[in-house]
Amino acid sequence: MSTAAPEPKANMGQPIPRYDAVAKVTGKAQYGADVALVNPVYAYLVTSSIAKGRIDSFDLADAKTVRGVVDIVTHENAEKLKEAKLFSNGGYTSSTIQPLKSADIAQDGEIVAVVLAETFEAARQAAYAVKVNYTAAVPTTTFGSPGTTSAPAKGQLAQFKEDPKVGDFAKAFESAEVKITAEYGTPAQHHNPMELFATSCVWNGDSLTIYEPSQYVHGLKNGVAEQLGIDADRVRVINSYVGGAFGSKGSMTPRTAIIASIARRLGRPVKLVATRDQGFTIATFRAETRHQVKLGATRDGKLTSLRHEGWEISSRADPYAVGGTKTTTRMYECPNIDSLVSIVRADRNTPGFMRAPPEVPYMFALESAMDELAYELKMDPIELRRVNDTMKEPIKGNTYTSRSLMACFDEGAKVFGWSQRKAEPKSMTDGDWLVGYGCATSCYPTQMAPAAARVRLQRDGHVKVQIAGHEIGNGAYTVIGLVAAERLGVPIDKVSVFIGDSDLPPAPVAGGSNSTASTCSTVIMVCEQIRQKLFKATMPDETLIDKAKETVGVGQTPVTRAAKGDRQIDYERAFDALGVSVIEEYGEWKPDGAPMDAFRAMNKGQMRMVGGPEMKDKIAYAFGAEFVEVRINRWTHEITVPRLLGAFAAGRIMNPTTARSQLMGGLIWGMSSALHEATELDERYARYVNDNLADYLLPVNADVPSVEVIMLTEQDDHINPAGVKGIGELGNVGTNAAVCNAIFHATGQRLRKLPIRLEQLDI
Amino acid sequence: MRPFAYSRPTDANSAVQALSAAASANSPVADAAIQALAGGTTLLDLMKLDVMRPSALVDINPLSDVWSAVNLDGGNLKLGALARMSDVAAHADIQKNYPVVADALKLAASPQIRNMASLGGNVLQRTRCTYFRDVSYENCNKRNPGSGCAAMDGFNRTHAVLGTSGQCIATYPGDFAQALIALNATVEIIGKSSARTVSFAELHRAPGNSPQIETTLMPGELISSFSIQGRWPRSTYFKVRDRQSYEFALSSAAIALEVQDGTIRDARIALGGVATVPWRARKAEGLLKGEKFDDALASQVAEAAFEDAVGSKHNAFKIALGKRVVARALHQAAAMEI
């Protein structure tokens with residue numbers, strides 16, 4: 001055991017190293033663009049330098065003279081692909097702005113041509129030589145720009161279901177003893193996974209294989225098939241590893257069908273690796289948001305009224321919104337609540353989900369406001385949360401399946417040394433440094449979706465698990481392997497895991513932190529089907545053995561109670577009795593409350609996620625408490641974060657090693673979303689300015705000298721068979737607020753608009 | 001990247017001959033068709049971005065045997081132009097006698113880049129201005145003379161407040177150059193017909209009306225070494241940036257002081273992250289000479305250093321920040337135990 005492989009507490013699995021660790025550190029792991037193609041053509045994108053207007057003409061003469069150029073595809077000669085529906089409105093695509101369809105330009109960096117050449121270098125050279133003549137119109141860039149339009153999200157977007165409200169907010173707020181009204185802002189951000197947006201398409205007759213990093217191979221397969229007008233069974237998506245995604249590879253982007261179409265036209269495999277800067281505009285991003293929060297409370301800190309209004313930027317074409325009020329209105333006990341989310345349209349690419357999509361911006365607003373209220377009340381911020389802690393969410397009155405928020409605060413506070421904090425702002429210094437402590441609540445809805453798996457057990461104890469899950473750095477191979485090993489009672493090194501291939505049984509998108517809960521619950525169920533057969537085969541009752549024989553190799557069988565649990569099975573006897581050498585089971589699992597069409601949708605690559613606040617008679621969230629120490633140089637105003645600490649409770653922790661990595665990465669990213677990450681806009685042109693990894697700031701090791709993760713024991717039997725709440729997004733929720741709260745403590749200055757740069761400090 | 005010819009001469013003479021082959025006296029050195037390749041950390045980036053479009057590269061790394069030497073003979077320092085940033089930063093004698101040099105190198109870039117980048121290439125690195133580095137913007141007087149400047153009314157938080165002109169506000173991004181200009185370094189340059197030595201302060205040209213001309217190097221010329229007279233143990237490089245490593249300065253100061261019995265005999269101040277070229281604050285230095293150091297003097301000096309500064313929409317904060325950086329850097333240098 002070590003810091004990196006923490007001692008498991010109760011309800012935690014073994015801290016084993018990553019299943020794919022050696023493959024990754026030795027470079028053997030093959031990512032999409034690593035797959036060698038036979039006689040490929042290399043594609044390079046030409047993207048628009050205007051955000052609004054139209055293409056008058058192309059001058060391709062120079063580009064065509066570059067040696068090795070095979071073809072140049074523009075809207076004038078591209079195949080007209082079928083329209084795709086937005087992922088968040090029940091379709092597949094991240095954006096309905098379909099490039100190469102017409103001369104119109106709807107966003108900066110829209111794909112306007114694809115250059116195909118015998119080498120990557122020739123394609124790039126020719127792409128720079130493509131001249132595009134535009135008639136540019138003046139675009140609308142963001143909040144405050146002339147030409148934006150704003151309308152409530154509800155009614156525009158299927159995914160956005162409610163503006164939660166309860167009681168009479170206006171009346172209660174008016175008469176509240178203590179009030180806070182504050183406005184907050186978060187910036188545009190881009191996921192910037194290390195692995196670029198690559199797509200390779202290979203046709204074999206009328207079958208298409210796509211090598212592309214995807215968080216949802218079944219969605220991508222079905223979406224591309226729809227756009228190309230072919231049978232989905234003719235499309236296969238393969239990605240054994242995804243080099244980071246964070247939401248950016250969750251839904252199909254327009255590039256994939258375009259590359260597939262070009263490969264079909266050329267009769268050769270086509271490989272695209274889009275550049276870093278193109279990644280800012282050919283995929284999604286986290287839109288900038290604005291918030292107004294009003295809190296009313298009694299003098300002893302009980303919330304009497306809460307209102308959260310949010311505004312989010314989206315494209316002209318698509319009504320995307322993350323809509324986090326469904327979470328912020330349910331965090332604390334409060335009788336009078338109101339909320340509203342609006343979508344503000346500008347001439348931009350369509351935004352999308354980015355790690356902890358609603359909670360990162362929306363909890364920033366709520367947790368900042370809670371801190372403001374605590375100072376107004378002269379109350380410890382942790383105590384304010386304790387006073388308003390609740391086991392029943394206030395909107396529908398549903399009970400949390402489990403909620404260890406205050407246990408997280410108490411354990412985190414103890415280890416962090418919160419008691420050393422002096423309550424007054426600007427009261428702690430160390431030489432040239434102003435010191436501040438801040439904290440915030442972290443949370444993420446527990447979500448699950450239908451999935452299917454095939455598990456094969458050999459007589460020699462080898463196990464093969466097949467499920468089209470996704471290894472996005474989350475440790476999917478590891479936890480799926482672990483759960484199969486645990487259930488079938490074999491050592492982990494006898495388990496082979498196959499994921500990242502749409503020819504495998506479907507699994508949901510690796511997003512919304514549902515992946516481990518959904519895939520592991522499914523694998524558990526299928527392993528239990530195997531156990532049941534083995535168990536029956538070892539029973540003295542001959543008829544039971546016959547029944548078991550009948551069902552070997554057949555689909556789903558109901559799991560009896562007797563077959564569940566840790567009961568040892570004599571494998572030798574069981575296989576002898578059954579007279580076979582292999583048992584293979586397939587099963588489909590769906591969470592409680594999944595809609596009737598759940599399995600049909602699953603096979604069509606459409607999400608039917610359930611959980612969080614949207615369950616019928618309960619509510620499920622993972623919780624955490626995050627603590628930040630900031631030090632601000634009184635002369636230069638540099639802001640440093642010497643310590644980050646998070647204490648989390650998220651149901652069963654499958655593997656403390658990979659879980660710790662996930663949560664650490666989350667804390668760092670959360671800090672980054674307060675102090676580093678922001679996509680800067682040129683407001684004249686609606687263009688992204690810092691579209692590279694030198695100028696788009698991410699923290700480096702020197703920025704995060706100490707990051708501590710505490711995982712609390714929590715058992716929740718009301719969520720899913722795996723007992724897992726999901727931790728992919730929990731770590732980076734609330735951190736941004738904790739940083740700003742610490743800055744207020746250090747300086748007495750409340751900063752409400754992210755990112756915080758040193759020039760904003762006035763000390 | 002456009003195709004280019006590649007040669008790898010093994011002696012300085014051949015390198016200069018190769019570089020001079022297509023040199024035109026009329027085009028700026030940075031736009032020359034034949035470019036020298038040392039560490040490549042700037043050049044290759046800009047070639048991939050189609051900002052620099054040389055038709056030939058002359059790889060001068062074989063000259064490293066001769067040109068990467070570090071000499072501290074007779075109380076003076078000579079640094080070969082092909083010495084790597086990381087080697088010079090780690091040199092114990094330089095850390096002791098020229099801390100401003102070691103610190104400026106150590107605080108620049110990332111370890112990987114410092115391992116590759118040469119000193120000569122480092123001082124010639126080009127601006128990080130987005131509008132210069134992204135060829136989809138037509139307006140850049142540096143890249144496309146006479147086309148205008150997209151940065152002036154654009155996003156210009158990292159741009160310069162000193163040495164700007166109506167044509168260009170791009171920041172000189174380097175750190176090491178501030179140490180060289182502060183210490184009155186000289187630059188040894190070899191060309192096709194002769195070698196010459198110039199003051200480092202004369203190497204870079206402020207943008208003025210021709211921001212495309214960044215240095216006084218003549219086509220075909222190569223920097224072979226840098227020299228610094230005397231030792232400067234009381235010297236420091238102070239850098240403020242948006243993160244703690246791998247980031248260019250928002251504001252930095254190279255300071256060197258010579259103090260005798262509490263009185264400042266000589267003082268050098270150079271500013272980074274705030275100017276279009278390596279920037280010497282001579283007037284501010286003058287206020288220190290013959291004086292005893294205190295807080296009031298530091299503030300006065302800092303004010304003087306930014307007397308002529310002009311801010312743009314997003315970077316005006318650099319003026320206040322720069323003053324505080326100068327004051328802190330002076331404190332740090334004054335407090336050094338040597």
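Chain A is the first sequence line, chain B the second, and so forth, proteins listed ahead of strands; every chain is numbered from 1.
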Exercise. At a heavy-atom separation under 4.5 Å, does A694(A) approach chain B through its side chain, its backbone, both, or neither?
Worked result: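 Both backbone and side chain of A694(A) come within 4.5 Å of chain B.
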
Exercise. By a 4.5 Å heavy-atom criterion (distance strictly below it), what part of L693(A) contacts chain B: side chain, backbone, both, or neither?
Worked result: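 It is the backbone, since no side chain atom gets that close.
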
Problem set entry | Greatest number of heavy atom pairs closer than 4.5 Å to chain A - which of A320(B), A316(B), G154(B) |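 Among the listed options, the one with the most contacts to chain A is G154(B).
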
Using a plain distance cut of 3.5 Å, could you tabulate donor-acceptor pairs between chain B and chain A?
unit_1, atom_1, unit_2, atom_2, d
K48(B), O, Y128(A), OH, 3.0
L49(B), O, Y128(A), OH, 3.4
Y131(B), OH, D682(A), OD2, 2.6
S136(B), OG, R687(A), NH1, 3.2
S136(B), OG, R687(A), NH2, 2.8
A150(B), O, R684(A), NH1, 3.2
A150(B), O, R684(A), NH2, 2.7
D153(B), O, R684(A), NE, 3.4
R157(B), NE, E759(A), OE2, 2.5
R157(B), NH2, E759(A), OE1, 2.9
R157(B), NH2, E759(A), OE2, 3.3
R243(B), NH1, L698(A), O, 2.5
Q244(B), N, D703(A), OD1, 2.9
R324(B), NE, W635(A), O, 2.6
R324(B), NH2, H637(A), ND1, 3.4
R328(B), NH2, D432(A), OD2, 3.4

Partners meeting side chain to side chain contact (heavy atoms under 4.5 Å, CB included) with [X] (sequence neighbours left out):
| X | answer |
| --- | --- |
| M664(A) | R660(A), V707(A), V709(A) |
| A334(B) | L257(B), F293(B) |
| A43(A) | V114(A), L116(A), I259(A), V270(A), L272(A) |

Problem set entry | Structural part of A150(B) lying under 4.5 Å from a heavy atom of chain A |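 Interface part for A150(B): both.
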
